Amino acid sequence: MSQDHPSHGRPAHDHLVVVGASLAGLRGAEAARKAGFTGRITVVGAEPHRPYDRPPLSKQVLTGGVAPGATTLPNLEPLDAEWRLGSAAAGLDRSGRAVILESGERIAYDRLLIATGARARPWPDAAEGRLGGVHTLRSRDDAAALRASLATKPGRVLVIGGGFIGCEVAAACRDLDLPVTLVESGSTVLERVLGSHLGSVVAALHAARGVDLRFGAKVEALEDDGTGHVVRARLADGRTIATTCVVVALGAVRNTGWLHGSGLAFDDGGVECDADGHVLDTDGRPDRTIAAAGDVARFPHPLYDGRRVALEHWGHAVAQGAHAGRLLAGHSIARAYAEVPAFWSSQGGITLKMVGLTEGADALVIAQGDPKTGRFLALYGRAGRCVAAVSFDSVRWLPAYAAMVAEGAPFPPIRGAVDQGRLTVLPPGFPKEDER
Amino acid sequence: MPDPNPDRIGPSPSPDFSRAAGGLRVSVDLNRCQAYAQCCYAAPDHFVLHGAEALHYDPAPTAAARDAIERARVACPVQAILVEDAGNGRP
Ligand SMILES: Cc1cc2nc3c(=O)[nH]c(=O)nc-3n(C[C@H](O)[C@H](O)[C@H](O)COP(=O)(O)OP(=O)(O)OC[C@H]3O[C@@H](n4cnc5c(N)ncnc54)[C@H](O)[C@@H]3O)c2cc1C
Ligand code: SF4
């Protein structure tokens, strides 16, 4: 495979290093090549695997339809890259223009793409988190371990956290006919992303499929029976749940720790970028030799008045990865990165697709269909503008509303003459800031 | 001896990770997918709609499925199906 060999005959002085061998890194390297970059490319990845797709890991991989190792991503452009897999970057020396690997080896770069993504937020008590039967779900190896655990038919699975991954895992358990309890400290599932109004619609679906939902509840401790394997969870109210398989689904933390000492601005929520995608130093100055993309990048989104966001969306990793690849290849970028956020989730037989960002939304209308029938489209507004649209098993309605989101069209929308009645404007029910 | 698990490769530098002999890699952009199901007609063993809109697909078809996968890729009205194929000129 020629593209996998170290690049011979490339100009040695022009070296693109990509740190993070996953979706954003792969699509970034491909875009750089497509934009005409002829220098060397080296891709550094902490995992021993070549880039693979994560969405199936919380869906068909858990139910057994797809093997955990089968989701290797298609390579869509000849890369002729050198792959340094199974070796994490441990540091970045910007004045010496080198990435420092865990082994101490330095890899000199002329252009650098930071695409180190995110990891699952661990259970707060490290010792409890290490108990047998306690899982998080981010990598292919995590999915293989959880799949193996589910295949032993645990008496009850406990999912901690009602975000997308928690909901998808709970749904997969019911597909496997396993008893499952989902504990969420908020008032319903998906509350932060959808608000409680639509979150309750999703909760009702899971309840109907037999998921034991516990809202306003908090797991305080995971306990073993002395053998080092989890046997029960203790809730804050003193009640216990007997379980030998726990999935901690408390969201993600960005992989930025290796940037300590680099002089770049970053925290657990991402590395700061400017509108073009170049990273910023702690004084807010862009470093034009470095771009970031995917889950790890926090950037001002033009569609949302320049609010700084870090997204965890497959489509965003693809689009921003490609943008960063073109940027680093020296392709003239006419516009700032402004891809409209888009996301999907499948759980319990329904498919939900979202365009835009609901953050800060103050109103909601059911623009098409009816939640009672399971097929509908909801539109979110913020200060009189459309900011997001979510379809439930009704993706065919989505493009028209996605266009309204992209334009920031007035909210609530004016219905056409054929439509009877006015749209009822509802409160979306987002948790207050201090409850987030 | 060929590596029995080509996707599990050792630490750096990684000389080779060719896919299982002649196999394909498939990923579907499910933001784009409109659940039209043309792919399911073209390659029913590799693309299946679950419920109204959840497309399940085989991300690692064998070389024997090449023609079916190509039919599906071309049939998709929104070009949502991404394929890497050892036999289509791509490396
Ligand atoms: C289980 C699961 C299900 C999902 N389902 C959906 C879905 O249905 N729809 C959707 O839109 N999105 C979904 N997502 C989100 C989507 O997969 C992510 O947004 C996407 O993977 C982000 O890609 P990335 O390349 O930015 O980061 P990542 O995929 O997180 O990749 C980062 C890579 O960098 C590596 N790395 C980290 N630190 C270092 C270091 N110091 N040195 C070298 N390498 C390093 C990591 O090992 C990793 O391989 C899901 C994610 C998960 C985990
Ligand atoms: S043909 Fe394309 S749009 Fe239709 S279901 Fe298949 S992938 Fe989706």
Side-chain angles (χ1 to χ4, degrees), chain A residues 1-6 42 44-45 48-50 52-53 55-56 59-60 65-67 69-80 82-87 101 103 105 140 313-315 318 342-344 346-355 374-375 391-396 398-399, chain B residues 3-37 45-62 69-70 73 77-86 88-91:
Chain A
M1 304 274 106
S2 63
Q3 104 258 28
D4 303 327
H5 289 161
T42 300
V44 176
H49 313 295
R50 63 166 288 163
Y52 59 85
D53 225 4
K59 306 175 185 78
Q60 294 93 292
V66 167
T71 73
T72 301
L73 282 162
N75 179 185
L76 303 172
E77 194 71 34
L79 278 186
D80 196 6
E82 181 175 344
W83 294 79
R84 304 295 300 266
L85 303 178
S87 59
L101 302 186
S103 63
E105 187 189 341
R140 167 196 281 198
H313 300 166
W314 188 95
V318 170
F343 177 85
W344 81 89
S346 292
Q347 40 185 291
I350 65 143
T351 299
L352 177 167
K353 295 197 181 185
M354 188 167 104
V355 171
R375 303 186 84 144
S391 72
F392 282 65
D393 274 350
S394 58
V395 70
R396 281 159 223 205
L398 194 55
Chain B
D3 185 343
N5 185 353
D7 284 338
R8 234 206 133 100
I9 48 177
S12 59
S14 319
D16 183 30
F17 42 57
S18 45
R19 87 220 76 215
L24 287 82
R25 291 180 177 135
V26 174
S27 162
V28 178
D29 182 341
L30 292 171
N31 287 319
R32 228 167 228 259
C33 169
Q34 299 286 306
Y36 290 126
D45 294 340
H46 303 278
F47 297 86
V48 181
L49 269 179
H50 282 247
E53 296 187 347
L55 180 69
H56 290 195
Y57 60 91
D58 176 3
T62 61
I69 299 296
E70 184 56 15
R73 189 183 71 80
V78 290
Q79 285 97 49
I81 302 172
L82 308 169
V83 182
E84 176 188 351
D85 180 349
N88 72 355
R90 290 202 170 111

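The shown structure was predicted, so the numbers you read here are calculated from the model rather than taken from an experiment. Protein chains get the first letters and strands the later ones, always in sequence-line order, with residue 1 at the start of each.
Minimum heavy-atom separation, Leu76(A) to Val83(B): CD2-O, 3.8 Å. Here the closest non-hydrogen pair linking Ser27(B) and Leu73(A) is OG-CD2, 4.1 Å. Contact record, Arg375(A) with Ala52(B): NH2-CB, 3.9 Å, taken as the closest heavy-atom pair.
Between the side chain of Glu53(B) and the main chain of Ser394(A), a donor-acceptor pair closer than 3.5 Å is present. A donor-acceptor pair is defined here as one N or O able to donate and one able to accept, closer than 3.5 Å; such a pair exists between the side chain of Lys353(A) and the backbone of Cys33(B).
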What do the steps show when you test Asp29(B) against Trp314(A) for side chain to side chain contact (heavy atoms under 4.5 Å, CB included), and what is the final call? CA-CA 9 Å; Asp29(B) 182 341; Trp314(A) 188 95; 3.5 Å; yes
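For chain B, the nearby parts of Asp393(A) are the backbone and the side chain; heavy atoms of each come within less than 4.5 Å. For Pro399(A), the part lying near chain B is the side chain, with the backbone staying farther off; criterion is any non-hydrogen pair under 4.5 Å. Interface remark: Ser346(A) contributes side-chain atoms only to the contact with chain B (heavy atom separation under 4.5 Å).
For the atom pair His50(B) NE2 and Thr351(A) OG1, the distance stands at 10.5 Å (nearest 0.5 Å). Separating the CG atom in Leu24(B) from the OG1 atom in Thr72(A) is a distance of 12.5 Å, to the nearest 0.5 Å. For the atom pair Trp344(A) CH2 and Leu30(B) CG, the distance stands at 5.0 Å (nearest 0.5 Å). With rounding to the nearest 0.5 angstrom, the CG atom of Leu82(B) is 11.5 Å from the CG atom of Asn75(A).
With contacts defined as side-chain heavy-atom distances shorter than 4.5 Å, the pair Arg25(B)/Arg50(A) qualifies. You'll find the side chain of Asp58(B) stays beyond 4.5 Å of the side chain of Val66(A), heavy atoms only.
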